[in-house]
Amino acid sequence: MYIVQIASECAPVIKAGGLGDVVYGLSRELEIRGVGVEIILPKYDCMRYDQIWGLHEAYHNLEVPWYGAAIYCDVLCGWVHGRLCFFIDPHSDDLFFNRGCYYGCKDDNMRFAFFSKAALEFILRTNKRPDIIHCHDWQTGLVPVLLYEMYKYHGLDNQRVCYTIHNFKHQGIGGVDILWATGLNRESYYFEYDRLQDNFNPFALNLMKGGIVYSNFVNTVSPHHAWEARYSDISYGLGHTLELHNYKFGGVLNGIDCDVWNPEVDRFIPYHYSSKNLKNKAKNKQALREQLWLAHDEKKPLIAFIGRLDDQKGVHLVHHAIYYALHRGGQFVLLGSATEQGINDWFWHEKLFLNENADCHLELGFNEELSHLIYAGADMIVVPSNYEPCGLTQMIGLKYGTVPIVRGVGGLQNTVFDRDYDQDKPLEERNGYVFYQTDYSALESAMDRAIGLWYEYPQEFQKLVLQGMTYDYSWKNPGSQYLGLYDYIRHK
Ligand SMILES: Nc1ncnc2c1ncn2[C@@H]1O[C@H](COP(=O)(O)OP(=O)(O)O[C@H]2O[C@H](CO)[C@@H](O)[C@H](O)[C@H]2O)[C@@H](O)[C@H]1O
């Protein structure tokens, strides 16, 4: 089988969050299973060029029709830790991908509409004929639309599309100019409720909706979130569309790449360890404390948060977790970055306020290397999300023997099983703490139980750590599920 992934991120060369991890991890797993995989990405000026090997020009002057004229692109090619990636580099005054950022520009929908079109043009012109094109999130929602309405007639008539939604919040809302620019034109045809028209704004196009309507299969990244998306308001207005297309919609739990996220081989942590050698985890805790100037106190638990500081992640609870951990005699480390000004200012304020506190460190920004040391050094990790399609940090935490304390939503519910209350798992298979409400006391009660166990019953806590480490959240299972899906849509 031959798969082309089209995405806006691929770790570690382009990573804003979990999407990058998934594109890389899934591609690697598929290749291990003998599938040919290529990845098409934008060539951002700010991506990590040090993570690409052998970057060279693969296609010169690719002509991409745009607004009745054309934009010429060079396509570069290189290996990102063994994965073959193509980077699209348009030459135009718009400087689509030379803005010093991945997202957050006013014309994001145009930037990624162009990327979607250029990716298909590249596939067409280079005579690539993948069995499956796998697209991700709103940025590539237009790919199946362009494929079935246009490129099918130019020779891409045998390709099937799998569309994975990692976050319903961002859907790519745009105007009619997207149709004129991409050459889809026919305004009245696309502004139909059963095509791209936004479900609530009749004058807007919704790119994610296009992805859902036109793909052969659509999935989100955990079974529970697939259920939430259909039956709650978490799909941000796309619930009815999912209902109409429910025969081709499902949830596939993400995995984590155990070459990257594995305390036995992790190249970013000073002491490797496994469940048989947990003493070295304590040494990493020591190293983390030294690096972040935290006090050394054997008895104190170290609690962490790693993630985007965004409304989705339950920032009010993250903030509360810091002070509650300190109040309960623990230490806290936060690694996060905020794109929203208000949240950014808030956490900078907290950082300055807590600067002298020897039990607490807030690191604001994106730091891949430090994140590995935190997973290895912390004793617990909090994930108090408002909603969470899958969540990778709790799965990485489990692998590193860091007990997750999570809110029971989305993929968190599929992966973390409360030590005290989970009725469906025997005691020896439980792996963390779960709370459900969004108020402070819900979080406090879960943190209380975790910290209480740490202080009062250290051996029991150790047992819980080991139980978590035995869970296999690698790409093994999701890899075979995706292969099954590809096979299904290929022969349908
Ligand atoms: N400041 C920082 N510095 C260094 N590393 C950082 C960091 N902030 C986050 N990370 C890393 O980025 C990844 C984030 O994973 P999440 O599951 O939280 O994804 P996110 O919410 O971005 O994406 C969406 O997509 C993913 C993938 O499908 C879903 O799991 C998730 O629920 C959905 O919201 C982890 O590898 C984490 O270590």
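Keep in mind it's a predicted model, so treat the numbers as computed, not measured. All ligand and atom numbering here is 1-based and tracks the order in the structure.
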**Q** Under a 3.5 Å cutoff, is there a donor and acceptor pairing between the side chains of Asp448 and Tyr324?
**A**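 Short answer, yes.
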**Q** So for ligand 1, is Thr393 a polar contact partner (N or O within less than 3.5 Å, distance only)?
**A**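 N/O-N/O distance under 3.5 Å: no.
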**Q** For atom 6 (C) of ligand 1, grab the closest protein heavy atom and report residue, atom and distance to one decimal in Å.
**A**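 Ranking protein heavy atoms by distance from atom 6 (C) of ligand 1, first comes Phe366 CE1, 3.5 Å.
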**Q** Strictly by side-chain hydrogen bond (donor to acceptor under 3.5 Å, both in side chains), give each pair with a member in residues 244-256 just once, sequence neighbours left out.
**A**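 Every pair satisfying side-chain hydrogen bond (donor to acceptor under 3.5 Å, both in side chains) with a residue in residues 244-256: there are none.
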**Q** Tell me the protein heavy atom at minimum distance from atom 30 (O) of ligand 1, and give that distance in Å.
**A**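 Result for atom 30 (O) of ligand 1: Gly391 N, 2.8 Å.
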**Q** Closest non-hydrogen protein atom to atom 31 (C) of ligand 1, residue and atom name please, with distance?
**A**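 It is Glu388 OE2, 3.2 Å.
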**Q** Which option out of His136, Glu368, His170, Lys313 puts a heavy atom nearest to atom 18 (O) of ligand 1?
**A**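 It is Lys313 whose heavy atom sits nearest to atom 18 (O) of ligand 1.
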**Q** Out of Pro12, Gly307, Gly25, who gets a non-hydrogen atom closest to atom 9 (C) of ligand 1?
**A**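 When every heavy atom of Pro12, Gly307, Gly25 is considered, Gly307 comes closest to atom 9 (C) of ligand 1.
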**Q** Keeping Asp21 on the side-chain end and Ile256 on the backbone end, is there a donor-acceptor pair under 3.5 Å?
**A**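 Side chain of Asp21 to backbone of Ile256: no pair is present.
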**Q** Are His320 and Glu444 linked by a side-chain donor-acceptor pair shorter than 3.5 Å?
**A**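 A pair is found: one side chain offers a donor N or O, the other an acceptor, under 3.5 Å apart.
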**Q** At under 4.0 Å between heavy atoms, is it the side chain or the backbone of Asn367 that contacts ligand 1, or both, or neither?
**A**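 Backbone only.
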**Q** Between Asn284 (side chain) and Tyr273 (backbone), is there a donor-acceptor pair under 3.5 Å?
**A**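 Not at all, since once roles are kept as given, no pair shorter than 3.5 Å links the two residues.
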**Q** With no hydrogens and no angle check, do the side chains of Thr241 and Asn199 hold a donor and an acceptor under 3.5 Å apart?
**A**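 Looking only at side-chain atoms, Asn199 and Thr241 do form a donor-acceptor pair, the distance falling under 3.5 Å.
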**Q** With a cut-off of 4.0 Å, which atoms of ligand 1 are near a heavy atom of Gly336?
**A**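 Here the atoms of ligand 1 in question are 1 (N).
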**Q** Compare Cys390, Gly18, Gly397 and give the one whose heavy atom is closest to atom 14 (C) of ligand 1.
**A**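 Of the listed residues, Gly18 has the closest heavy atom.
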**Q** What residue and heavy atom of the protein are closest to atom 17 (O) of ligand 1, and at what distance?
**A**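 Heavy-atom neighbour on the protein nearest atom 17 (O) of ligand 1: Leu392 N, 2.7 Å.
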**Q** Using only atom types and a distance under 3.5 Å, with no angle test, would you say the side chain of Ser235 pairs donor to acceptor with the backbone of Gly237?
**A**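 Between the backbone of Gly237 and the side chain of Ser235 there is no qualifying donor-acceptor contact (under 3.5 Å).
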**Q** Test side chain to side chain contact (heavy atoms under 4.5 Å, CB included) on Phe87 and Val80; report intermediate values, then the result.
**A** CA-CA 11 Å; Phe87 300 93; Val80 174; 4.2 Å; yes
**Q** Nearest to atom 24 (C) of ligand 1, what protein heavy atom do you find, and at what distance?
**A**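 Going by distance alone, atom 24 (C) of ligand 1 is nearest to His166 O, 3.7 Å.
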**Q** Between Tyr2 and Glu38, do the side chains contain a donor N or O and an acceptor N or O under 3.5 Å apart?
**A**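 A pair is found: one side chain offers a donor N or O, the other an acceptor, under 3.5 Å apart.
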**Q** Can you pull out the closest protein heavy atom to atom 34 (O) of ligand 1? Residue, atom name and distance to 0.1 Å, please.
**A**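 Going by distance alone, atom 34 (O) of ligand 1 is nearest to Gln312 NE2, 2.8 Å.
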**Q** At a non-hydrogen distance cut-off of under 4.0 Å, which region of Asn254 contacts ligand 1 (side chain, backbone, both, or neither)?
**A**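 The part of Asn254 near ligand 1 is the side chain, not the backbone.
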**Q** For a ring pair (Phe, Tyr, Trp, His ring centres under 6.0 Å) with Trp261, tell me which candidate from Phe268, Trp475, Tyr375 qualifies.
**A**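 Among Phe268, Trp475, Tyr375, the one meeting ring pair (Phe, Tyr, Trp, His ring centres under 6.0 Å) with Trp261 is Tyr375.
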**Q** I'd like to know if Gly365 contacts ligand 1, where contact means a heavy-atom distance under 4.0 Å to any ligand atom.
**A**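 Right, Gly365 reaches ligand 1.
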**Q** Report yes or no: does a heavy atom of Lys15 sit under 4.0 Å from some atom of ligand 1?
**A**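 Distance cut 4.0 Å: Lys15 passes for ligand 1.
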**Q** Note the single closest protein heavy atom to atom 38 (O) of ligand 1, along with its residue, its atom name and the distance in Å.
**A**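 Nearest protein contact, heavy atoms only, for atom 38 (O) of ligand 1 is Tyr375 OH, 2.7 Å.
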**Q** Considering non-hydrogen atoms of the protein only, which is the closest contact for atom 36 (O) of ligand 1, and what is the distance?
**A**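 That would be Asp21 OD2, 2.7 Å.
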**Q** Which residues pass the salt bridge (Lys or Arg N to Asp or Glu O under 4.0 Å) test with Arg490, sequence neighbours left out?
**A**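 Salt bridge (Lys or Arg N to Asp or Glu O under 4.0 Å) check on Arg490 returns Asp131, Asp487.
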**Q** Give the atoms of ligand 1, by number and element, whose distance to some non-hydrogen atom of Arg308 is under 4.0 Å.
**A**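 It comes down to these atoms of ligand 1: 8 (N), 20 (P), 21 (O), 22 (O), 34 (O).
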**Q** For ligand 1 and Gly17, I'd like to know whether there is a polar contact (N/O to N/O, distance under 3.5 Å).
**A**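 So ligand 1 has no N or O lying under 3.5 Å from an N or O of Gly17.
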**Q** Using only atom types and a distance under 3.5 Å, with no angle test, would you say the side chain of Thr220 pairs donor to acceptor with the backbone of Val252?
**A**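 Judged by distance alone, no pair lies under 3.5 Å.
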**Q** Which atoms of ligand 1 are found less than 4.0 Å from any heavy atom of Val22?
**A**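 Every atom of ligand 1 under 4.0 Å from some heavy atom of Val22: 27 (C), 28 (O).
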